[in-house]
Engineer: 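Let me give you the structure first, and then I'll get to my questions.
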2 protein chains.
Amino acid sequence: MLSKTCEYGIRATIFIALQSMLGMRTSLKYIAEEIDSPEAFTAKILQKLVRVKIIESSKGMNGGFNMSMDRIKSTTLSEIVYAIDGLDISNRCVLGLSQCSSINPCSVHHKFKPVREDLIALLTKTTVEEMAIGIKEKLAILR
Amino acid sequence: MLSKTCEYGIRATIFIALQSMLGMRTSLKYIAEEIDSPEAFTAKILQKLVRVKIIESSKGMNGGFNMSMDRIKSTTLSEIVYAIDGLDISNRCVLGLSQCSSINPCSVHHKFKPVREDLIALLTKTTVEEMAIGIKEKLAILR
DNA sequence: TTATATTCGGACTCATATGTCCTATTTTTC
DNA sequence: GAAAAATAGGACATATGAGTCCGAATATAA
Ligand code: FES
Ligand code: FES
């Protein structure tokens with residue numbers, strides 16, 4: 001469904017947002033511990049998220065990653081997924097046809113379309129803020 | 001979502017079913033042409049489907065693959081997916097937590113659960129027969 | 001019985017995803 | 001200015017998924 005890269009990326013973003021909401025910058029090391037991910041690999045993913053400006057980083061002592069309140073409120077799951085895994089999740093034919101189209105549909109296209117639309121709605125409507133609050137309120141976990 | 005192996009496996013099964021409904025056994029070569037898949041790789045996938053008895057094979061001249069009318073009617077998409085990709089699609093946490101559970105949910109569990117249930121319903125309720133008829137009626141394509 | 005057409009299955013290759021390591025760069029603290 | 005603490009980024013390593021090759025087994029037809 002999602003690549004591991006993407007899974008780590010989402011969990012890391014949620015944790016960074018949570019810390020940012022408490023006014024704190026977070027180090028890679030702490031992030032990797034808290035989301036139970038390989039540190040060096042997570043570093044690569046965070047670099048990517050910095051480049052697309054979903055999160056911010058600062059080097060040096062007391063450096064680390066953070067997210068602006070604006071970004072926390074406006075960033076949706078879909079942006080993270082698209083940045084890391086691309087558009088396949090919204091576009092790709094379930095049966096692997098080179099194009100997914102209602103005009104030349106595969107054998108499950110018509111049944112699958114609404115399910116996929118629900119999935120896309122989930123991604124585009126779920127904000128990082130919402131997820132971070134879920135963690136804060138202990139309604140969800142990150143590891 | 002589905003592995004390529006699984007995509008090829010499903011498309012091959014649909015085509016074998018279609019041919020079986022016309023009373024014909026189908027050779028690997030013809031299957032690979034019709035579903036636009038690499039022949040040797042498809043062979044491996046079909047071997048697996050034979051082992052789990054979703055399709056049948058016979059060697060030698062005029063050999064090939066076929067499916068009993070019983071199997072065509074009773075086999076669902078989910079059986080093919082589970083046989084090839086395993087249960088991950090129904091079980092795995094979207095955010096990669098080691099367990100997906102409502103008691104210790106990840107940040108999207110509650111929103112994702114109904115979508116996944118719809119997906120599982122799609123898989124368990126869609127029969128090979130239904131898909132083969134769709135191809136026969138030219139309502140869907142295989143390549 | 002021999003030639004031919006087919007699947008079976010093991011060993012291999014290739015591509016991509018996942019993950020590690022090491023050095024450079026930047027920033028803060030002393 | 002030097003030491004320390006952090007991210008950046010390239011090169012490398014490993015695992016898995018995707019795909020190929022080839023000989024063995026089997027069935028049919030002449
Ligand atoms: S054509 Fe296959 S999902 Fe749309
Ligand atoms: S816990 Fe993540 S999807 Fe259920």
Engineer: With sequence neighbours excluded, tell me which residues meet side-chain contact (heavy atoms from CB on, under 4.5 Å) with B:S57.
Structural biologist: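 B:V50, B:F65.
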Engineer: State whether A:E39 and A:K44 are salt-bridged, where the test is any N-O pair (Lys NZ or Arg NE/NH1/NH2 against Asp/Glu carboxylate O) under 4.0 Å.
Structural biologist: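 Looking at A:K44 together with A:E39, the answer is no, because their closest N to O distance does not fall below 4.0 Å.
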Engineer: Taking the side chain of A:Q47 as its heavy atoms from C-beta onward, which of D:dG9, C:dG19, D:dG19 lies nearest to it?
Structural biologist: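 It is D:dG9.
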Engineer: Please check the phosphate of D:dA8 (OP1 and OP2 only) for any side-chain N or O of A:S57 closer than 4.0 Å.
Structural biologist: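 For A:S57, the contact criterion (side-chain N or O under 4.0 Å from OP1 or OP2 of D:dA8) is met.
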Engineer: Scan residues 18-31 of chain B against DNA chain C and write down, sorted by residue number, each residue with any heavy atom closer than 4.0 Å; if none is found, say none.
Structural biologist: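 Correct list: B:S27, B:L28.
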Engineer: Taking all atoms of both residues into account, what is the closest heavy-atom pair of A:L142 and A:R11, and its distance?
Structural biologist: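 Taking every non-hydrogen atom into account, O-NE, 3.2 Å.
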Engineer: Is any side-chain heavy atom of A:C93 closer than 4.5 Å to a side-chain heavy atom of B:E7?
Structural biologist: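 Heavy-atom side-chain distance check fails, nothing below 4.5 Å.
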Engineer: Examine the base of D:dG10 for any acceptor or donor lying under 3.5 Å from a partner atom in the side chain of A:K44, and report the outcome as yes or no.
Structural biologist: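 Answer yes: a donor N or O sits under 3.5 Å from an acceptor.
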Engineer: Tell me whether B:Q47 at atom CD has more than 12 heavy atoms from other residues, nucleotides or ligands lying less than 6.0 Å away.
Structural biologist: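 Yes, enclosed.
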Engineer: With respect to the phosphate group of D:dA27, does any side-chain polar atom (N or O) of B:N62 fall under 4.0 Å of OP1 or OP2?
Structural biologist: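 No, outside the criterion.
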Engineer: Should B:S3 be listed as having a side-chain N or O under 4.0 Å from OP1 or OP2 of D:dG17?
Structural biologist: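 Indeed not, no polar side-chain atom of B:S3 lies that close.
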Engineer: Nearest to the side chain of B:M61, heavy atoms from C-beta on, is which of C:dA5, D:dA8, C:dT20?
Structural biologist: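 Of all the options, the side chain of B:M61 is nearest to C:dA5.
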Engineer: Output the residues of residues 77-93 of chain B in contact with DNA chain C, where contact means a heavy atom of the residue under 4.0 Å from an atom of the strand; sort by number or write none.
Structural biologist: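 Nucleic-acid contacts, sorted: none.
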Engineer: Distance from B:I135 atom CD1 to A:C106 atom SG, nearest 0.5 Å?
Structural biologist: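 The distance works out to 8.5 Å.
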Engineer: Reckon A:Y8 has a side-chain N or O less than 4.0 Å from the OP1 or OP2 of C:dG19?
Structural biologist: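 True: A:Y8 side-chain N/O within range (under 4.0 Å) of C:dG19 OP1/OP2.
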